[in-house]
Q: 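My questions will all concern the structure given below.
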Number of protein chains: 2
Amino acid sequence: MSVVSLEPSAALSISAVEQETGLSKDVLRVWERRYGFPCPQRNTYGERVYPDEQVLKLRLVRRLLDRGLRPGRLLPMSTEELGVLMDQSIGEATPLPVEHDLAMYLVKTHQTSELRRELSQAVVRDGLYRFVTQTCGPLLQLVGEAWMRGEIRVFEEHLFTEQVQAVLRGAIAQISGPAGTPRVLLSTLPGEQHGLGLLMAEAVFSLEGAECVSLGLQTPIGDLAAAALAKQADLLALSFSGNFPANQMLESLSLLRAALPPQIGLWCGGMGPERARRLPRGVFCLSGLQGIGPALEEWRDARSRATLTP
Amino acid sequence: MSVVSLEPSAALSISAVEQETGLSKDVLRVWERRYGFPCPQRNTYGERVYPDEQVLKLRLVRRLLDRGLRPGRLLPMSTEELGVLMDQSIGEATPLPVEHDLAMYLVKTHQTSELRRELSQAVVRDGLYRFVTQTCGPLLQLVGEAWMRGEIRVFEEHLFTEQVQAVLRGAIAQISGPAGTPRVLLSTLPGEQHGLGLLMAEAVFSLEGAECVSLGLQTPIGDLAAAALAKQADLLALSFSGNFPANQMLESLSLLRAALPPQIGLWCGGMGPERARRLPRGVFCLSGLQGIGPALEEWRDARSRATLTP
DNA sequence: GACGCTCATTTGTCCAGGACAAAACGTTGA
DNA sequence: TCAACGTTTTGTCCTGGACAAATGAGCGTC
């Protein structure tokens, strides 16, 4: 009945592995039956006990699954082969501008206040738009990749996130005016843990003259539709990180499109939708933060045309 | 294979109920076997389909479980009887100051910018300390209770949370100095979704002259220990909402206490620990936000005594 | 009355292995 | 390039039995 994982190098129960890897118990068992991996030992009571290396491999598999690879192909491979695949899909480490190098250094040495100062300076120096698109976005990606390569730990990513969030929220508070068109409702779907993408989008939307109403993270679908109506939003914008399960994203977008009145636009952005082949009808995919400006322009054009020629 | 919950009044699959209620599939099935509740219908494929009312009742049961009651007693009861129990454990609805009434009205009518203005004014008028302890805290509880009674919807709570968060973060940014004693690391455990408690604590800690480093929500246990060492924290402060599973809280706190060097204090606060009978040795429970000041004072006393008489 | 012990009961998790829908894939034809 | 269709892969759900851990009750001791 003990559930939680404990000592550093202890072997884990099936529940603990479920938590660690995000793979359900059913999946862990059925993989073992079908592919022969994982092949946990058993304790005295016949319960599965997963050695650390297998958990590591499972985590790798999980990441590659999220990138569209399939279990039947991945599970027979060795940990090394999986590592190679992973490197390929991450791509070459891009050469860094100096300031990004500095930021990564500050993250790795936990110099949070210095990091925040650098970021704040960058906002003032470059302006919010360039800060978001050229500093924030790339940095976020760098940190994410460094985490995947195991170069930084979770808490270091958290420290980084907090600093960026503080700077961004401060900047947004300054520029957001009371009114504007269109009125944009921002949020993420349940399960999405990452909020920086949303915050960056809010910054750019505000800069482009839209009125932003953020619901924060993880709003249930029904509530998104209800909120859009209640706040009389023109657009509903959703942010997806790269880890968000692709199936769930597509399914939820379909449901949401159906639940939403047709005149309310449904836009989405982030690593999730950019990797998707095709989105449901009536769902618009923003191509990066830079795509927000042109998209808004087009929306306003269409709107004024519709108003002028009824 | 379809998983996600959908239309407003649709009945839910076992996976959806697991997500909604936090009760595992195994538990849902074994309760049905043992107590005859829940008693879901079946779809064409023989899969369980849970009507809304049963999900509602399960949610109630879940809450009461977290308060120390036991399944064998709760499950045979009717929804009404459970409601009575719930009311008892919530306590009488406290009479509201007028300003809280106004805030609740603004929440229910989705007047977000008005709400934010009111909150900002309150900060300036009453000072941050009184704002946090006398406005923010009680309001948060009111909103939570209103949600439990079904008076407000999830998205309305989200809108509220965003406004409070914005105001709090703005205020914290202004007061937080670079140094101070003790150095406090703040976060929540994985699974904790609510961040306002943490933010309020950060505000009070900062006001009391401590140096705050926030890790944001949901930091894994191992990373909390690592972060405390890396940032040379004096205290690790964790926030728990009332929904957080009591068992998990106690178990995690034990683990954490063991993983942390003894000279680093482990403090916790929020609805979770306040209801707990007894916490693990070496874990200190803050009694509300007002408890932070005295606790810090005592910590500083103990510290200076230890330094003076080595 | 506080504490420690044992024993019975309650409760959550785990297991096995079968079943089946939905997603992904591959092929064909327009 | 796209649509339609059969095949394979894959995740989730099912049943019902087993058992350890948590809880509570009863009892004796300090």
Side-chain angles (χ1 to χ4, degrees), chain A residues 1-6 12-19 21-38 40-50 58 61-62 64-76 245-251 254 276-278 280, chain B residues 1-6 12-19 21-37 40-50 58 61-62 64-76 245-251 254 276-278:
Chain A
M1 217 169 183
S2 82
V3 176
V4 178
S5 71
L6 346 178
L12 304 181
S13 74
I14 194 171
S15 283
V17 175
E18 175 180 39
Q19 270 210 320
T21 63
L23 299 163
S24 77
K25 297 181 239 234
D26 272 325
V27 167
L28 290 170
R29 284 193 276 252
V30 89
W31 279 3
E32 182 180 342
R33 203 196 309 168
R34 289 190 183 141
Y35 312 110
F37 184 90
Q41 305 161 345
R42 300 299 178 119
N43 65 13
T44 334
Y45 321 121
E47 299 176 348
R48 291 172 175 79
V49 172
Y50 295 83
L58 283 171
V61 169
R62 178 52 165 35
L64 289 164
L65 279 184
D66 286 336
R67 316 208 150 207
L69 300 179
R70 309 194 61 184
R73 196 178 139 213
L74 294 175
L75 286 167
N247 304 336
Q248 200 179 324
M249 176 179 77
L250 295 175
E251 186 170 3
S254 295
R277 316 177 178 193
R278 216 171 40 183
Chain B
M1 214 169 180
S2 82
V3 175
V4 179
S5 72
L6 351 173
L12 304 182
S13 74
I14 194 172
S15 282
V17 176
E18 175 180 40
Q19 270 210 319
T21 63
L23 299 163
S24 77
K25 292 176 222 188
D26 272 326
V27 167
L28 290 170
R29 283 192 278 251
V30 90
W31 280 2
E32 182 179 340
R33 206 193 307 167
R34 289 186 185 144
Y35 312 108
F37 184 87
Q41 304 163 343
R42 302 297 181 119
N43 65 14
T44 334
Y45 319 124
E47 299 176 347
R48 290 171 175 79
V49 172
Y50 295 82
L58 284 171
V61 169
R62 180 52 173 14
L64 289 164
L65 278 184
D66 286 337
R67 314 200 162 205
L69 300 180
R70 306 195 61 182
R73 193 176 141 215
L74 295 175
L75 285 167
N247 302 336
Q248 200 180 324
M249 177 180 75
L250 295 174
E251 189 164 2
S254 295
R277 317 176 180 194
R278 217 170 43 183

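Letters go in sequence order (proteins before strands), and every chain restarts at 1.
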Q: Looking at the base of dG24(D), is there any donor atom on it, or on the side chain of Arg70(B), that sits under 3.5 Å from an acceptor on the other one?
A: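 For Arg70(B), whose side chain was compared with the base of dG24(D), there is no donor-acceptor pair (under 3.5 Å).
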
Q: Would you mind reading off the distance between Leu74(A) atom CG and dA24(C) atom C1', rounded to a whole angstrom?
A: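 Leu74(A) atom CG is separated from dA24(C) atom C1' by 14 Å.
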
Q: Which one, dG12(C), dG16(D), dC14(C), comes nearest to the side chain of Lys25(A)?
A: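 That would be dC14(C).
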
Q: Does any donor-acceptor pair link the side chain of Arg29(A) with the base of dG17(C) at a separation under 3.5 Å?
A: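 When only heavy-atom distances are counted, Arg29(A) does not reach the base of dG17(C) through any donor-acceptor pair under 3.5 Å.
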
Q: Quick one: does Leu28(A)'s side chain get under 4.5 Å of Leu58(A)'s, heavy atoms only?
A: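 Yes, close enough: below the 4.5 Å cut-off.
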
Q: Specify the separation, in whole Å, of atom CG of Asp26(A) and atom C1' of dT13(C).
A: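 After rounding, the reported distance stands at 13 Å.
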
Q: So if I take every side-chain heavy atom of Glu47(B) and compare against dC14(C), dC14(D), dC19(D), which nucleotide ends up nearest?
A: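 The nucleotide sitting nearest to the side chain is dC14(D).
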
Q: Answer whether the closest heavy-atom distance between the side chains of Ser13(A) and Glu47(A) falls below 4.5 Å.
A: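 Side chain of Ser13(A) against side chain of Glu47(A), heavy atoms only: no contact under 4.5 Å found.
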
Q: For Glu32(A) and for Pro71(B), locate the closest nucleotide of DNA chain C by heavy-atom distance; then report the residue assigned to the nucleotide nearer the 5' terminus.
A: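 First, find each residue's nearest nucleotide; the 5'-ward one identifies Pro71(B).
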
Q: Expressed as a whole number of angstroms, how long is the span from Leu28(A):CG to dA16(C):P?
A: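 Interatomic distance, CG of Leu28(A) to P of dA16(C): 13 Å.
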
Q: DNA chain C: Val30(A) or Glu18(A), which has the more 5' nearest nucleotide?
A: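 Upstream on the strand: Glu18(A).
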
Q: Could you check whether Arg42(B) gets within reach of a base, just the sugar-phosphate, or nothing at all, counting any heavy atom under 4.0 Å?
A: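 Answer is sugar-phosphate: Arg42(B) comes under 4.0 Å of backbone atoms only.
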
Q: With respect to the side chain of Ser24(B), which nucleotide from dT12(D), dT13(C), dC14(C) is positioned closest?
A: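 That would be dT13(C).
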
Q: Any side-chain N or O of Ser15(B) less than 4.0 Å from the OP1 or OP2 oxygen of dC13(D)?
A: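 Checking dC13(D) against Ser15(B), a side-chain N or O does come within under 4.0 Å of OP1 or OP2.
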
Q: It should be established whether Tyr35(A) places a side-chain nitrogen or oxygen under 4.0 Å from OP1 or OP2 of nucleotide dT10(D).
A: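 Yes, because at least one side-chain N or O of Tyr35(A) sits under 4.0 Å from OP1 or OP2 of dT10(D).
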
Q: CG of Leu69(B) versus C1' of dT11(C): gap in Å, rounded?
A: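 About 15 Å, once rounded to whole Å.
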
Q: Which whole-number value in Å describes the distance from Ile14(A) CD1 to dT13(C) C1'?
A: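 In whole Å, dT13(C) C1' and Ile14(A) CD1 are 10 Å from each other.
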
Q: Round to the nearest Å and state the distance from Leu12(B) atom CG to dC13(D) atom P.
A: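 Atom CG in Leu12(B) sits about 12 Å away from atom P in dC13(D).
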
Q: Leu23(A) CG to dG11(D) P: how many Å, rounded?
A: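 After rounding, the reported distance stands at 9 Å.
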
Q: Tell me what Arg48(B) touches on the nucleic acid: a base, only sugar-phosphate, or nothing, going by heavy atoms under 4.0 Å.
A: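 Arg48(B): backbone/sugar contact only, no base atoms under 4.0 Å.
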
Q: On DNA chain D, nearest-nucleotide positions of Tyr45(B) versus Gly72(A): which is more 5'?
A: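 Here Gly72(A) is the residue nearer the 5' end.
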
Q: Can you tell me how far P of dT10(C) sits from CH2 of Trp31(B), to the nearest Å?
A: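 About 16 Å, once rounded to whole Å.
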
Q: Show the nearest heavy-atom pair for residues Gly22(B) and Arg62(B), with the distance to one decimal.
A: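 Reported closest heavy-atom pair: O-NH2, 4.3 Å.
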
Q: Hey, are the side chains of Pro76(A) and Tyr35(A) touching, using non-hydrogen atoms and a 4.5 Å cut-off?
A: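 Not touching, per the 4.5 Å side-chain cut-off.
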
Q: Is the shortest side-chain N to carboxylate O distance from Lys25(A) to Glu18(B) below 4.0 Å?
A: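 Salt bridge between Lys25(A) and Glu18(B), a charged N being under 4.0 Å from a carboxylate O: no.
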
